Amino acid sequence: MNLQAKYNPQQDRIRLTLQPANGEPRAFWVTRRQWLSLLPAVAGSEEAKVLPRAKKPLPAAATPLLEAMPLLAIRLRRLAEGVMRIEFVADTESMAITLHGDGLAQLKQMLLQQAERADWDAAAALARFNAQGMARAAMRKASRGPDQR
């Protein structure tokens, strides 16, 4: 499976192309929120490093060779330690990939690079997702009775 991602400033979205070893390539438009929500899942407990901000302007976008579909959902499932299945769901079809150690590290690097090129603040997104997780844990703890804490 080959993954390619390219930021489109006119759409303010990432065009993600998945090319399976055997089969037709599929392209999806991924929103900022969807793209950044992948970071905490891929980063795991390890803190993601954010690349320094680029000073160069983005090159002009090329005409897409493959029509991209709007992405409705991303489904994540951790199969084992260091193994994750990611399903990209569009209106008419979906495509799933399974990534292991090096593949997850490459995806994490791609997520950070494209977020940097798009000038999306990956560090703030990670902090927000961590804060949401802590708030959910506090709410679960508070919803239990005093004898269950």
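The structure displayed is predicted, hence computed values, not measured ones.
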For this session: Report, as yes or no, whether the 6.0 Å neighbourhood of atom CZ on Arg77 holds more than 12 heavy atoms from other residues, nucleotides or ligands.
Result: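 Result for CZ/Arg77: open.
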Problem set entry | Heavy atoms from other residues, nucleotides or ligands near CG of Asn2 exceed 12 (cutoff 6.0 Å) |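 Correct, the count exceeds 12.
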For this session: I would like to know whether Glu87 and Val89 meet side-chain contact (heavy atoms from CB on, under 4.5 Å); could you show each step before the answer?
Result: CA-CA 6 Å; Glu87 183 179 5; Val89 181; 3.9 Å; yes
Can you hop from [X] to [Y] via hydrophobic side chains spaced under 4.5 Å?
| X | Y | result |
| --- | --- | --- |
| Leu112 | Met110 | yes |
| Ile97 | Leu71 | yes |
| Leu72 | Leu76 | no |
| Trp35 | Phe129 | no |
| Met1 | Ile14 | yes |

Exercise. Name the one of Thr31, Val30, Asn8 that satisfies side-chain contact (heavy atoms from CB on, under 4.5 Å) with Arg13?
Worked result: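 Looking at Thr31, Val30, Asn8, the match for Arg13 under the side-chain contact (heavy atoms from CB on, under 4.5 Å) is Thr31.
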Can you find a heavy atom in the side chain of [X] that is under 4.5 Å from one in the side chain of [Y]?
| X | Y | answer |
| --- | --- | --- |
| Pro25 | Leu18 | no |
| Met84 | Leu104 | yes |
| Leu99 | Val83 | no |
| Met69 | Trp29 | no |
| Leu107 | Ile86 | yes |
| Gln132 | Asn130 | no |
| Thr98 | Leu79 | yes |

Nearest heavy-atom neighbours spanning [X] and [Y]:
| X | Y | answer |
| --- | --- | --- |
| Arg78 | Ala41 | NH2-O, 2.9 Å |
| Ser143 | Arg140 | OG-O, 2.8 Å |
| Thr17 | Ala27 | OG1-CB, 4.0 Å |

For this session: Examine distances only and state if a side-chain atom of Arg26 and a backbone atom of Glu93 form a donor-acceptor pair shorter than 3.5 Å.
Result: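 Looks like no, no N/O pair under 3.5 Å.
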Can you measure from [atom1] ([X]) to [atom2] ([Y]) and round to the nearest 0.5 angstrom?
| X | Y | atom1 | atom2 | result |
| --- | --- | --- | --- | --- |
| Glu116 | Leu111 | CD | CG | 13.5 Å |
| Gln114 | Leu38 | CD | CG | 13.0 Å |
| Gln11 | Arg32 | CD | CZ | 13.5 Å |
| Met95 | Glu24 | CE | CD | 9.5 Å |
| Ser37 | Arg33 | OG | CZ | 8.5 Å |
| His100 | Glu81 | NE2 | CD | 12.5 Å |

For this session: Kindly determine whether Asp12 and Tyr7 satisfy side-chain hydrogen bond (donor to acceptor under 3.5 Å, both in side chains), including the steps that lead there.
Result: CA-CA 7 Å; Asp12 191 34; Tyr7 175 65; 2.7 Å; yes
Exercise. When the ring planes of Phe88 and Phe28 are compared, do they come out parallel, tilted or perpendicular, using 30° and 60° as the limits?
Worked result: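 Plane angle under 30°, so parallel.
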Exercise. Going through the distances and angles, do Leu16 and Gln4 end up as a side-chain contact (heavy atoms from CB on, under 4.5 Å)?
Worked result: CA-CA 6 Å; Leu16 180 66; Gln4 293 179 346; over 6 Å; no
